[in-house]
Amino acid sequence: MMKILAIDTACDETSAAVTDKTTILSNIIWSQASLHAKWGGILPSLAQREHIKRIDWVIKRALQKAKKQIQDIDAIAVTAGPCLAIAGQVGIEKAKELSSKYHKPLIAVNHLEGHILSSLATPKTNRVAAEISFPALGLVASGGHTDLALIEKIGTYKLLAKTSDDALGEALDKAARMLGLGYPGGAVLEKMAQGGKANSHPLPLPMSGREKEGFFSYSGLKTAMWKIVEAEKNKNQGSLSKTQIQNLACSFQNKAFEHLVKVVSNAINHQPLDLKDLLFGGGVSNNIEIRKRLRQMGKKYHLKIHLPYTKRLCGDNAAMIGVAAYFKAKRGEFEKNINQVERVPRLSLEENFPWAN
Ligand code: KG4
Ligand code: ZN
């Protein structure tokens with residue numbers, strides 16, 4: 001048995017979960033999104049303050065919902081990076097406090113590994129865990145990252161492509177803002193796009209012909225979008241009609257996703273290895289259109305696309321941190337000295353924590 005109490009305060013969600021191996025017993029997420037909305041982005045000091053306010057409550061709820069006492073828990077896990085520095089700090093301090101107070105081993109987790117492994121999580125109701133053959137591919141598309149990695153085995157990752165500017169979620173949020181859809185806008189943009197036409201506006205395909213360079217890039221697409229939005233507004237006395245918004249949302253998503261799939265396909269084509277599985281996670285993996293396109297790509301390459309079993313596991317949540325921690329625990333990777341554990345805001349998926357080297 002490996003029951004883990006996991007904590008994540010990497011960004012603007014305060015989350016705690018109880019997991020048992022890969023089974024999710026509870027996954028409590030307190031989202032601050034509506035508080036940050038009026039700033040049009042995440043305000044780190046506000047995120048920190050809200051995490052401090054909510055952290056004890058989410059932990060209590062996670063234990064209650066899992067019907068566990070802290071004494072029943074075998075280890076505490078926490079996101080130690082990448083994160084918004086002062087936000088991540090709140091979770092780390094709480095995890096260290098619980099670890100020493102209750103004499104529980106501590107496991108520091110890379111937030112990106114949590115997203116990558118989120119599709120391995122299983123619900124309480126007897127579902128069989130996905131069978132993955134390694135090496136496999138891992139794809140994270142969130143508000144802060146767009147990373148494609150080769151998973152040599154669980155815990156060993158090699159980046160095949162990453163973003164050279166904005167992350168995909170960030171680009172979708174910015175496009176949504178241009179269209180007056182609020183923040184965070186990825187989900188609203190998706191809704192609008194469903195009623196629009198993909199080729200209604202001549203947006204460029206990012207890095208066309210340069211996919212083998214191994215970069216995702218969304219800044220050029222964003223600038224082109226901005227110019228078209230301004231031109232459309234001018235035609236319409238400074239505002240946009242619903243049809244214009246739908247068409248622009250659909251055109252933007254179309255090129256953004258076409259680019260993503262091209263870079264991923266290119267990486268598959270250049271891999272000498274026989275790949276059978278792709279694990280997809282992060283907030284953007286909520287999107288039905290990107291799921292559809294990746295599945296189509298998967299058919300072409302005989303690659304199975306694995307997604308989290310519930311949407312609660314796509315965006316930031318602590319259960320994915322518990323799942324990643326379970327695999328670390330299996331390898332005996334507990335923190336030897338909890339005083340060394342500190343936030344590593346810019347940690348990449350490939351990197352180990354500095355104190356673990
Ligand atoms: O993983 P996540 O919750 O937080 C980070 O680690 O960044 O991802 C948040 C991102 C936001 O950019 C949000 O707009 C995007 O995920 N997102 C979506 C959808 N739902 C959330 N993007 C596209 N379609 C969605 N349905
Ligand atoms: Zn995240």
Side-chain angles (χ1 to χ4, degrees), residues 6-15 17 27 29-34 36-37 40-42 44 47 51 78-84 87-88 91 109-119 121 138-147 162-163 165-179 181-194 196 216 218 222 249-250 252-257 259-260 279-294 307-308 310-321 323-324 345-349:
I7 299 171
D8 182 278
T9 61
C11 198
D12 64 342
E13 265 90 29
T14 318
S15 183
N27 189 16
I29 305 165
W30 179 270
S31 175
Q32 308 170 357
S34 60
H36 295 278
I42 296 163
H51 286 319
V78 67
T79 292
C83 57
L84 276 179
V109 174
N110 183 325
H111 180 84
L112 295 169
E113 185 177 22
H115 278 306
I116 289 259
L117 301 183
S118 57
S119 56
L139 177 65
V140 182
S142 70
H145 295 84
T146 322
D147 283 339
K162 62 178 180 179
T163 183
D165 39 64
D166 289 0
L168 176 55
E170 188 183 359
L172 296 170
D173 288 341
K174 287 177 179 163
R177 193 147 103 206
M178 290 178 209
L179 300 176
L181 299 175
Y183 175 87
V188 197
L189 194 82
E190 176 184 22
K191 286 237 154 54
M192 283 294 166
Q194 280 160 0
F216 300 105
Y218 292 102
K222 201 177 64 187
C250 192
F252 189 87
Q253 259 202 187
N254 178 43
K255 292 293 181 206
F257 294 169
H259 170 56
L260 183 101
L279 280 56
F280 184 29
V284 183
S285 70
N286 270 309
N287 189 289
I288 305 295
E289 179 65 24
I290 191 86
R291 290 179 171 202
K292 195 174 98 193
R293 293 196 191 196
L294 283 171
L307 284 152
T310 157
K311 289 199 161 196
R312 284 175 77 74
L313 286 160
C314 291
D316 284 353
N317 70 92
M320 68 181 191
I321 302 304
V323 171
R346 294 191 174 278
L347 189 72
S348 90
L349 179 63

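Values in this document were obtained by computation on a predicted structure and should not be read as measured data. Whatever order the structure lists ligands and atoms in, that order sets their numbers, starting from 1.
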Legend entry - Identity and distance of the protein heavy atom lying nearest atom 12 (O) of ligand 1: D173 OD2, 2.8 Å
Legend entry - Nearest-neighbour protein heavy atom for atom 21 (C) of ligand 1, which is reported as residue plus atom name and distance: G283 O, 3.4 Å
Inset, instruction - Considering the heavy atoms of G169, write down every atom of ligand 1 situated less than 4.0 Å from one of them. - result: 12 (O)
Legend entry - Residues H115 and D147: side-chain donor-acceptor under 3.5 angstrom: no
Inset, instruction - Just jot down the ligand 1 atoms closer than 4.0 angstrom to any heavy atom of V284, in number order. - result: 16 (O), 18 (C), 22 (N)
Inset, instruction - Name the option, out of E190, Q253, E289, H115, that contains the heavy atom nearest to atom 26 (N) of ligand 1. - result: E190
Legend entry - Residue portion contacting ligand 1 (non-hydrogen atoms closer than 4.0 Å) for H145: neither
Legend entry - Within-4.5 Å side-chain heavy-atom neighbours: P82 and H145: yes
Inset, instruction - Give the numbers and elements of all ligand 1 atoms closer than 4.0 Å to a heavy atom of G186. - result: 14 (O), 18 (C), 19 (C), 22 (N), 23 (C), 24 (N), 25 (C)
Inset, instruction - Note the single closest protein heavy atom to atom 7 (O) of ligand 1, along with its residue, its atom name and the distance in Å. - result: G143 N, 2.8 Å
Legend entry - Min heavy-atom dist H111 to ligand 1 below 4.0 Å: yes
Legend entry - Per-atom contacts of ligand 1 with S142, taking only distances under 4.0 Å to non-hydrogen atoms: 1 (O), 5 (C), 6 (O), 7 (O), 8 (O)
Legend entry - Side chains of R293 and N287, donor plus acceptor under 3.5 Å: no
Legend entry - Nearest option to atom 23 (C) of ligand 1, as decided by whichever heavy atom of T79, N287, L112 sits closest: N287
Legend entry - Side-chain donor-acceptor contact under 3.5 Å, S15 with D8: no
Inset, instruction - Would you tell me whether N286 and E190 have side-chain atoms, one donor and one acceptor, within less than 3.5 Å of each other? - result: no
Inset, instruction - Could you pull out the closest heavy-atom pair between V323 and A121, with the gap in Å? - result: CG2-CB, 3.9 Å
Legend entry - Protein residue, atom and distance nearest to atom 6 (O) of ligand 1, heavy-atom basis: D316 OD1, 2.9 Å
Legend entry - Heavy atom of G144, distance to ligand 1 below 4.0 Å: yes
Inset, instruction - For the Zn ion (ligand 2), report each protein N, O or S atom nearer than 2.8 Å, sorted by chain and then by residue number. - result: H111 NE2, H115 NE2, D316 OD1
Inset, instruction - Assess whether atom CZ of R291 is packed by more than 12 heavy atoms of other residues, nucleotides or ligands within 6.0 Å. - result: yes
Inset, instruction - Would you kindly specify which portion of L172 sits under 4.0 Å from ligand 1, judged on non-hydrogen atoms: side chain, backbone, both or neither? - result: side chain
